[in-house]
Amino acid sequence: MLGLRHYRGTAIDLFQGDITSFVCDAMVNAANSSLRGGGGVDGAIHQVGGPSILEECVRIGRCETGDAVITTAGRLPAKKVIHTVGPIWRGGTEGEAELLYSSYQKSLHLAAESKLLHVAIPSISTGIYGYPVTDAAMVGMKSIKNFCDDKPQALRRITMVLFDSETYKAWQKALFTCFPEAEGDAT
Ligand code: APR
């Protein structure tokens with residue numbers, strides 16, 4: 001299978017395209033700590049989702065790096081948006097990997113707590129924040145796998161929505177490394 005695994009009751013797959021047109025329950029945004037929008041996927045989510053998302057972000061105030069908050073999805077094809085703040089890449093000696101790992105963990109836990117069973121996630125921190133995509137994909141996929149080990153069957157599907165082929169290939173490699181073969185559900 002090109003990019004699909006079943007693990008502990010959760011389907012983990014990859015999709016190349018624009019996350020703002022991807023139908024899901026929870027759409028994860030690569031935000032910044034101010035929660036006031038920006039470029040990249042943040043800009044697209046606010047633009048397509050409309051002003052109701054920013055209104056809720058302003059009420060929340062801030063989100064620390066490695067953390068996640070949840071708002072309405074406005075006009076997006078999702079029930080909610082989960083805004084997470086990934087680390088800015090500073091060479092890898094400032095705890096970037098731990099913070100990136102936490103961004104995925106917090107986003108997945110928030111989705112599960114809110115019973116948002118299909119989560120779509122972009123490649124956090126690998127755009128404007130400059131995190132090398134090969135390393136980021138391995139950190140993200142390990143975080144996804146460890147979430148599924150901790151919370152089997154908590155989510156029905158986790159889809160990485162990747163904007164370009166280089167990013168898609170990096171995540172495909174991470175998927176095959178973390179889940180060496182297409183396997184039936186362990187449960
Ligand atoms: N759909 C899916 N992925 C997208 C989209 C989109 N519409 N637009 C961009 N991407 C991809 C980028 O190509 C990259 O692979 O999302 C990944 C993350 O890139 P950024 O959006 O730049 O996010 P990040 O690197 O985490 O930087 C966050 O950028 O937009 C600002 O306010 C944001 O300050 C924050 C910073």
Side-chain angles (χ1 to χ4, degrees), residues 3 12-51 53-58 60-71 73-78 80-92 94-108 110-111 118-141 143-144 157-175:
I12 299 155
D13 65 331
L14 312 173
F15 177 83
Q16 184 169 337
D18 180 343
I19 199 167
T20 62
S21 52
F22 188 82
V23 178
C24 56
D25 295 324
M27 191 179 289
V28 177
N29 179 25
N32 61 58
S33 297
S34 75
L35 295 178
R36 294 297 184 277
V41 70
D42 198 5
I45 278 182
H46 282 282
Q47 188 189 349
V48 175
I53 299 175
L54 183 60
E55 282 161 19
E56 287 194 20
C57 285
V58 168
I60 293 168
R62 283 183 60 77
C63 179
E64 295 314 314
T65 302
D67 204 352
V69 296
I70 193 165
T71 68
R75 296 194 291 264
L76 289 160
K80 292 286 184 183
V81 172
I82 290 173
H83 306 262
T84 190
V85 181
I88 296 170
W89 179 253
R90 293 190 168 93
E94 313 270 321
E96 294 96 320
E98 292 74 16
L99 286 165
L100 185 62
Y101 181 93
S102 171
S103 270
Y104 285 93
Q105 286 287 308
K106 296 276 185 158
S107 298
L108 294 169
L110 207 43
H118 180 195
V119 189
I121 316 176
S123 181
I124 307 292
S125 283
T126 64
I128 293 165
Y129 279 2
Y131 206 120
V133 67
T134 304
D135 299 338
M138 278 307 294
V139 169
M141 198 55 81
S143 190
I144 290 167
R157 185 177 169 198
I158 301 168
T159 304
M160 291 306 304
V161 181
L162 310 157
F163 210 38
D164 56 74
S165 60
E166 185 215 347
T167 305
Y168 185 96
K169 288 193 186 94
W171 278 91
Q172 188 180 48
K173 184 162 175 277
L175 181 74

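Heavy-atom basis, side chains included; hydrogens, waters and symmetry copies ignored. The structure displayed is predicted, hence computed values, not measured ones. Read the numbers this way: they start at 1 and go in the same order the structure lists the ligands and their atoms. Residue numbers count from 1 along this sequence.
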*With the side chain counted from C-beta on, respond yes when E94 and P87 share a heavy-atom pair under 4.5 Å apart, and no when they do not.*
no
*Minimum non-hydrogen distance to atom 20 (P) of ligand 1, winning option of I88, I45, I128, V28*: I128
*Taking C-beta and beyond as the side chain, do P51 and R75 meet within less than 4.5 Å on heavy atoms?*
yes
*Distance filter under 4.0 Å to G17 heavy atoms, resulting ligand 1 atoms*: 1 (N), 2 (C)
*Do V69 and D67 come close enough that some side-chain heavy atom pair is under 4.5 Å?*
no
_Sub-4.5 Å side-chain heavy-atom contact between D18 and F163_ = yes
*Show which atoms of ligand 1 fall inside a sub-4.0 Å distance from at least one heavy-atom site of D42.*
30 (O), 32 (O), 33 (C)
*Which is closest to atom 18 (C) of ligand 1 in terms of heavy atoms, S123, A30, G40, P122?*
S123
*Around atom 26 (O) of ligand 1, find the nearest protein heavy atom and jot down its residue, atom name and distance.*
S125 N, 2.8 Å
*Using the test salt bridge (charged side-chain N to carboxylate O under 4.0 Å, His left out), find all partners of E55 that sit at least two apart in sequence or belong to another chain.*
none
_Give me the nearest non-hydrogen protein atom to atom 1 (N) of ligand 1 as residue plus atom name, then the distance to 0.1 Å._
I19 N, 3.0 Å
*If you have a sec, work out which protein heavy atom is nearest atom 25 (O) of ligand 1 and how many Å separate them, to one decimal?*
G127 N, 2.8 Å
*Could you tell me the separation between the OG1 atom of T126 and the CG atom of D164, rounded to the nearest 0.5 Å?*
8.0 Å
*So which heavy atom in the protein is nearest atom 8 (N) of ligand 1, and how far is it from that ligand atom?*
V41 N, 3.5 Å
*Heavy atoms only: give me the nearest L14-Q172 pair and the separation to one decimal.*
CD1-CA, 3.5 Å
*Return the residue, atom name and 0.1 Å-rounded distance of the protein heavy atom closest to atom 36 (C) of ligand 1.*
Y129 CE1, 3.4 Å
*Find all atoms of ligand 1 within a distance of less than 4.0 Å from any non-hydrogen atom belonging to D18, and give their numbers and elements.*
1 (N), 6 (C), 7 (N)
Counting only pairs under 3.5 Å, give me each side-chain donor-acceptor contact of residues 33-44, with atom names and distances, residues two or more places apart or in other chains.
| unit_1 | atom_1 | unit_2 | atom_2 | d |
| --- | --- | --- | --- | --- |
| S33 | OG | C63 | O | 3.2 |
| S34 | OG | N32 | OD1 | 2.5 |
| S34 | OG | R36 | N | 3.1 |
| R36 | NH1 | S34 | O | 2.6 |
| R36 | NH1 | G61 | O | 3.3 |
| D42 | OD1 | N29 | ND2 | 2.8 |
| D42 | OD1 | H46 | NE2 | 3.4 |
| D42 | OD2 | G38 | N | 3.3 |

*In terms of atom number and element, which parts of ligand 1 are under 4.0 angstrom from non-hydrogen atoms of G37?*
32 (O)
*asked:* With the threshold set at under 4.0 angstrom, would you say G39 reaches ligand 1 through any of its heavy atoms?
replied: yes
*For G38, the ligand 1 atoms whose distance to one of its heavy atoms is below 4.0 Å*: 30 (O), 32 (O)
_For T126, the ligand 1 atoms whose distance to one of its heavy atoms is below 4.0 Å_ = 14 (C), 15 (O), 17 (C), 25 (O)
*Should H83 and I53 count as side-chain neighbours, where that means a heavy-atom distance under 4.5 Å?*
yes
*If the plane angle is over 60° it's perpendicular, under 30° parallel, otherwise tilted; pick one for Y104 and W171.*
tilted
*Would you mind checking which non-hydrogen protein atom is closest to atom 3 (N) of ligand 1, with the distance to 0.1 Å?*
F163 CB, 3.6 Å
